There are 2 protein chains.
Amino acid sequence: MAKASRSSRTKQRQAHPSKGPHSAKATRNTGQRRAVSPKDTPSRDSLSTEEKIMQAAKKLFTQNGFAATRTRDIANEAGINLALLNYYFRSKEKLFDIVMIDNFRQFIKGISIHLLDGATTMEQKIQRIVTAYIDFLNNNPDLPIFIINEIRGNTSKIAQQINEEVAPLRAHMFRQIQEAGRQGRITPIDPFHFIANLIGLTVFPFIGRPLLQRVTSTDDQQFRAFMEERKQLVPIWINAIMHAKSPLDRAR
Amino acid sequence: MAKASRSSRTKQRQAHPSKGPHSAKATRNTGQRRAVSPKDTPSRDSLSTEEKIMQAAKKLFTQNGFAATRTRDIANEAGINLALLNYYFRSKEKLFDIVMIDNFRQFIKGISIHLLDGATTMEQKIQRIVTAYIDFLNNNPDLPIFIINEIRGNTSKIAQQINEEVAPLRAHMFRQIQEAGRQGRITPIDPFHFIANLIGLTVFPFIGRPLLQRVTSTDDQQFRAFMEERKQLVPIWINAIMHAKSPLDRAR
DNA sequence: AAATTTTTTAATCAAATGATTAAATTACGA
DNA sequence: TCGTAATTTAATCATTTGATTAAAAAATTT
């Protein structure tokens, strides 16, 4: 009798997990099941369990990556019971996928709106991108290294994401760079170099922050001051680079 | 009787591991115990077990970091029995420390010899550093991201290493940059920016390689060609940056 | 208010992981 | 060649990890 009762409960339990992750995804995307708290920054107490898990997972996965983050770490960070991770997200890996895709989207979003703005010159675009990114990365310093680490090992999921989100930007931006080169406004340069330089000068200091700080004996306050300076300096440098005489073929 | 015999063997076994790591270190540093093979690139068959482990560990730790690399992975890669890792290196962590310090030393070595060369101008230094680093990183593409990942979580071991190895370089280089600024040969710039830009333009493309390749639809062959171009372009860009007019205070 | 569903809890599980053990094998020295 | 030391092997261990389970508690529906 007692065993029969347990058996029926077991069946109900097993039926649910297969629904859990789907409903979790739907909830995340639409926010329908739980209205957003009236406050702009909901405190942890007003978050659903699912939201708590997402916050904790995002923080720890972004900082430490997949392998070095344990489900117990996330549960502790979220202040919830360990079993709830599987209840809501079914597996560590599926939870990670959600975090990864969201992180990537966040990273790209900052650049899209400026790049696609047809009313601005290229110089203005660079200035806006640099400023927006430095501000963004001051608040999300772990994001670039996370993206870079994940894209190294994860060839299919992000690859598709990148192609969907970046393809329109790429075409637009490439046209603009090559047109400027043709008109002689800048030294002709392959868009690869332009992107590598823009990201290298804007984002790299955040990626290499601990190393740079140690190599140059720079404390946190100084680092922040330097990054503020770079909001003005990087566009100037990019401009200088684009006008530097190049020994390479003009045929490129 | 049989038990007594086992007991004596157990004691001998336990006494050895405490010696193992020390002798392993001594061997690594001096190469005394096993002469280097006459061939420049020793094949795996001519390597000692210890060397096989070191090679495998270096490859896998450098690619994947500590948490995502299992001792079994290293043993398989080295083609040896799993227990030998503890026999020779006592623990996964100690093995990792050796790899980490060696990697770091390698990364820094490429820059030291050029920076400390008193017979070259700053322009020549930059050219040599850029060329040497791009050549080096073509053959060790995982190294920068490894260094950057490890320095984020490891505040004491590498910090000391950095201070010991970099301090002399720092003073020397800072003096040279500030002297050039004082003499009006370049726009005055804080050494932080100089270092961030030099590494950002030289090393970052390797760090961000998969991302850059995807964003710009660049295949491996094209990437290599671009890095060859950058051997010439980066020094030119650095030079342009150093001569760009700055809106910042001259008091800096 | 009772029935049902959903969420939470704490214990447990199965597999993986770094490490240890004891015996076998190989290498070295007398 | 024998005795001893060093190395290697395969099994085992103790702990950790992601995941599962069953019961309790809370929330929702009737």
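The model shown is predicted, which means the values in this text are computed figures rather than measured ones.
Going from atom CD1 of A:I80 over to atom C1' of D:dA25 covers 16 Å, rounded to whole Å. In this entry the distance linking CG of A:N76 with P of D:dG18 reads 12 Å, nearest Å. Straight-line distance from the CD1 atom of B:I74 to the C1' atom of C:dA19: 14 Å, rounded to whole Å. Rounded to whole Å, the distance from CG on A:L84 to P on D:dT20 is 14 Å. Distance B:F96 CZ to C:dG18 P: 13 Å, rounded to the nearest Å. Rounded to whole Å, the distance from NZ on B:K52 to C1' on D:dT8 is 11 Å. Distance, A:D73 CG to D:dG18 C1': 12 Å, rounded to whole Å. As rounded to whole Å, 12 Å separates atom P of C:dG18 from atom CG of B:L60.
Set against D:dA19, C:dT8, D:dT9, the side chain of A:N86 has D:dA19 as its closest nucleotide. Closest to the B:L82 side chain, of the nucleotides C:dA10, C:dA19, C:dT17, is C:dA19. Considering only the side chain of A:A83, D:dT21 comes nearest among C:dA19, D:dT8, D:dT21. Distance from the side chain of B:Y87 is smallest for D:dA6 among the nucleotides D:dA6, C:dA19, C:dT7.
A:Y133 and A:F107 have their aromatic ring centers within a separation under 6.0 angstrom.
Here B:D102 does not pair with B:K109 in a salt bridge; the nearest charged N to carboxylate O distance is not below 4.0 Å. Using a cut-off of 4.0 Å between Lys/Arg side-chain N and Asp/Glu carboxylate O, B:D142 and A:R152 are scored as salt-bridged.
For the residue pair B:S91 / B:N86, no side-chain donor-acceptor distance below 3.5 Å is found, with atom types taken as modelled. A donor and an acceptor atom, one from each side chain of A:R70 and A:N76, are nowhere located under 3.5 Å apart.
At least one side-chain nitrogen or oxygen of A:Y88 sits closer than 4.0 Å to the OP1 or OP2 atom of C:dT8. Contact check, B:T71 against C:dA19: no side-chain N or O comes under 4.0 Å of OP1 or OP2.
The base of D:dG18 sits within donor-acceptor range of the side chain of A:R72, with an N or O pair under 3.5 Å.
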